[in-house]
Protein chains: 2
Amino acid sequence: MEFSLTFKVNEHIYLRNPESSDLGKKILKHSIDLIYEIGFEQFTFKKLATVAETTESSIYRYFENKQKLLLYIINWYWCYLDFMLDYQLKNITDKKEKIKIILHLLTDEMPSNNHEMEMNKYFIHRIVIAESSKVYLVKDVNEINQYEVFKPFKELCAKIAKEFADYNPAYIFTKSLSSTAIETAHDQEFFVTHLPRLTDVNTKNKKNFTYTFLEDLVFKALA
Amino acid sequence: MEFSLTFKVNEHIYLRNPESSDLGKKILKHSIDLIYEIGFEQFTFKKLATVAETTESSIYRYFENKQKLLLYIINWYWCYLDFMLDYQLKNITDKKEKIKIILHLLTDEMPSNNHEMEMNKYFIHRIVIAESSKVYLVKDVNEINQYEVFKPFKELCAKIAKEFADYNPAYIFTKSLSSTAIETAHDQEFFVTHLPRLTDVNTKNKKNFTYTFLEDLVFKALA
DNA sequence: TATAAATAATAGTATTACTATTATAAATAA
DNA sequence: TTATTTATAATAGTAATACTATTATTTATA
């Protein structure tokens, strides 16, 4: 079964829907490759224009600036996770199992269909780990928040919180635990890769370290 | 008792020690004010030169770029926390009490002497919350890490981890719990202020929310 | 085939992130 | 005291960034 996932991303994020044209898709594809490769700070529309074989001005017709483009990618990820959550939780009744699946979704590389994808999922996951907090750690967070650009993040957070509440109705910090789990999944993964002294990774537990830590943390919190 | 706290910050972070001259101190003071006011992305040496009543080129003699200047401020904060930890933990024997003091240090506004300070502690705390992750979420993290610029962060993390280990020697994720506590203190505080739907704050628990959540999380993890 | 829409090509601007040079003021050493 | 070093200020300049605007050309649709 072939299918491509398209999520309707908030219209305030783009000037022109990049999913609506070949050039738009090309811009998205290459921005993911380029941000992954050189990092968000070094990433510019000029460099993107070169690799996407288009012009700066053409890119500006899709996105106001590179921050919005990053926000688009991160939003796509949040929507994707939300979708995968529903998908993978379907028909699972065991509450503990449900939470384990959630934590795997947060920490593992993104599940990918076998066939060639428009979106490089591994790259997106690494971008989310290293760059996602930059979309809200900005001075105009309150302003852009009014346009509901963080809605998918909040919905994902709420959905996970609901499963936590379902597991233990007495627990009062379900949403904070949810946002903490999401952020910790990124932080710890980044630390494991770049600053391992901030973690307890070692050669033995290297595999799935972030998951193992998170599972321990979350289930104890919910106990 | 009047005293001023000076920490020797890693020499790779600055070109010329800003603590060594009036201009240097002026640069630090105004950079804290300005980063707090307009955010790190909008902050430039040109703007800083204007408010500090000096020139761009003079600032460049102290710091290579604004990233290094931010790193200096964040490093100062890490050293300060490390110092305050020793200071406040002195003579405390109760292990639970010790951890509570640590979590208060991480979440509360920084304790401040009554008299006029060179460093605006409230501003520094807000800068740490909103900007600190930007010092390591960069493409050249591995390179700058070689110069030990994150040593104070790692030491702080290790010191807190030690208290966790002391509280429960069987717990195997002390360092990850420590870095998670530090990061969560910032994240949740940011969310409470700007994106409260990602947390469980409400009018009742507003006061010390982040502390209350963290205390619950950490003690359950260590139980 | 005409017309509209999308894209490319080109040009241009203000700001950013620097580097370099020289002048002047302040601190210290001979 | 004068000479000399050192710090800072003033000035200039550059490459890159982050855009905006205009016109030409291609592509899609009526």
Side-chain angles (χ1 to χ4, degrees), chain A residues 11-31 33-35 37-73 131 134-135 137-140 143-144, chain B residues 11-31 33-35 37-73 131 134-135 137-140 143-144:
Chain A
E11 292 186 6
H12 284 100
I13 297 175
Y14 53 76
L15 295 170
R16 190 184 153 73
N17 191 346
E19 297 282 2
S20 72
S21 74
D22 285 348
L23 180 64
K25 285 174 199 154
K26 214 171 154 189
I27 288 169
L28 283 183
K29 189 218 171 306
H30 284 100
S31 55
D33 294 352
L34 195 54
I35 293 172
E37 197 192 333
I38 64 176
F40 185 63
E41 279 72 29
Q42 304 306 313
F43 170 80
T44 69
F45 278 1
K46 193 166 195 180
K47 291 174 185 168
L48 176 58
T50 306
V51 295
E53 287 174 310
T54 181
T55 59
E56 235 186 314
S57 50
S58 297
I59 297 167
Y60 274 109
R61 307 183 86 257
Y62 286 86
F63 294 101
E64 224 180 305
N65 50 48
K66 68 172 185 171
Q67 287 78 12
K68 291 275 171 77
L69 173 44
L70 178 63
L71 187 54
Y72 186 97
I73 295 167
E131 323 284 5
K134 294 171 190 170
V135 306
L137 291 179
V138 290
K139 202 66 192 177
D140 63 345
E143 259 179 85
I144 60 177
Chain B
E11 292 187 6
H12 285 99
I13 297 175
Y14 54 76
L15 296 170
R16 189 186 154 73
N17 191 345
E19 297 282 4
S20 72
S21 74
D22 284 350
L23 181 64
K25 284 175 199 154
K26 214 170 153 189
I27 288 169
L28 283 183
K29 189 219 171 306
H30 284 100
S31 55
D33 293 353
L34 194 55
I35 293 172
E37 197 191 332
I38 64 176
F40 186 63
E41 279 71 30
Q42 303 307 314
F43 171 81
T44 69
F45 278 1
K46 192 167 195 178
K47 290 173 186 168
L48 176 58
T50 306
V51 295
E53 289 173 308
T54 180
T55 58
E56 236 185 313
S57 50
S58 297
I59 298 167
Y60 274 110
R61 308 182 85 255
Y62 286 88
F63 294 101
E64 224 180 306
N65 49 50
K66 67 172 186 173
Q67 286 78 12
K68 290 276 172 76
L69 175 43
L70 178 63
L71 188 54
Y72 185 96
I73 295 167
E131 323 285 5
K134 295 170 189 170
V135 306
L137 291 179
V138 291
K139 203 65 191 178
D140 63 345
E143 260 178 84
I144 62 176

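Letters A, B, ... are given to chains in the order of the sequence lines, protein chains preceding strands, and every chain is numbered from 1.
- The ring pair (Phe, Tyr, Trp, His ring centres under 6.0 Å) check on Tyr14(A) picks up nothing, with sequence neighbours excluded.
- Nucleic acid contact for Phe63(A): none, since no nucleic acid atom lies under 4.0 Å from a heavy atom of the residue.
- Among the heavy atoms of the strands, none lies under 4.0 Å from Phe45(A).
- Legend: residues meeting side chain to side chain donor-acceptor pair (under 3.5 Å) with Arg61(A), ordered by chain and number and at least two apart, are absent.
- Under the side chain to side chain donor-acceptor pair (under 3.5 Å) criterion, Glu64(A) pairs with Lys68(A), sequence neighbours left out.
- Reading DNA chain C from its 5' end, the first and the last nucleotide to sit under 4.0 Å from a heavy atom of chain A are dA6(C) to dT10(C).
- When each of Ile27(A), Asn17(A), Val135(A) is paired with Tyr72(A), the side chain to side chain contact (heavy atoms under 4.5 Å, CB included) condition holds for Asn17(A) and for no other.
- Residue Glu41(B) contributes atom CD, which lies 17 Å from atom P of dT17(D) at whole-angstrom precision.
- Pairs engaging residues 41-53 of chain B under the side chain to side chain donor-acceptor pair (under 3.5 Å) rule: Glu41(B)-Lys134(B) [sequence neighbours left out].
- Evaluation of the ring pair (Phe, Tyr, Trp, His ring centres under 6.0 Å) rule for Phe43(A) yields no partner, not counting sequence neighbours.
- Among residues two or more places apart in sequence or in another chain, the side chain to side chain donor-acceptor pair (under 3.5 Å) test is passed with Asp33(B) by Lys29(B).
- Non-hydrogen atoms lying under 4.0 Å from DNA chain C are contributed by Thr54(A), Thr55(A), Ser57(A), Ser58(A), all within residues 46-58 of chain A.
- Here Tyr62(A) pairs with nothing under the ring pair (Phe, Tyr, Trp, His ring centres under 6.0 Å) rule; sequence neighbours left out.
- Checked against side chain to side chain donor-acceptor pair (under 3.5 Å), Ser57(B) has the following partners two or more places apart in sequence or in another chain: Thr55(B).
- The residue among Arg61(B) and Lys66(A) whose nearest nucleotide of DNA chain D lies closer to the 5′ end is Arg61(B).
- Counting only Watson-Crick and G-U wobble pairs whose two key distances fall under 3.5 Å, DNA chain C forms stems of three or more stacked pairs at C:1-30 with D:1-30.
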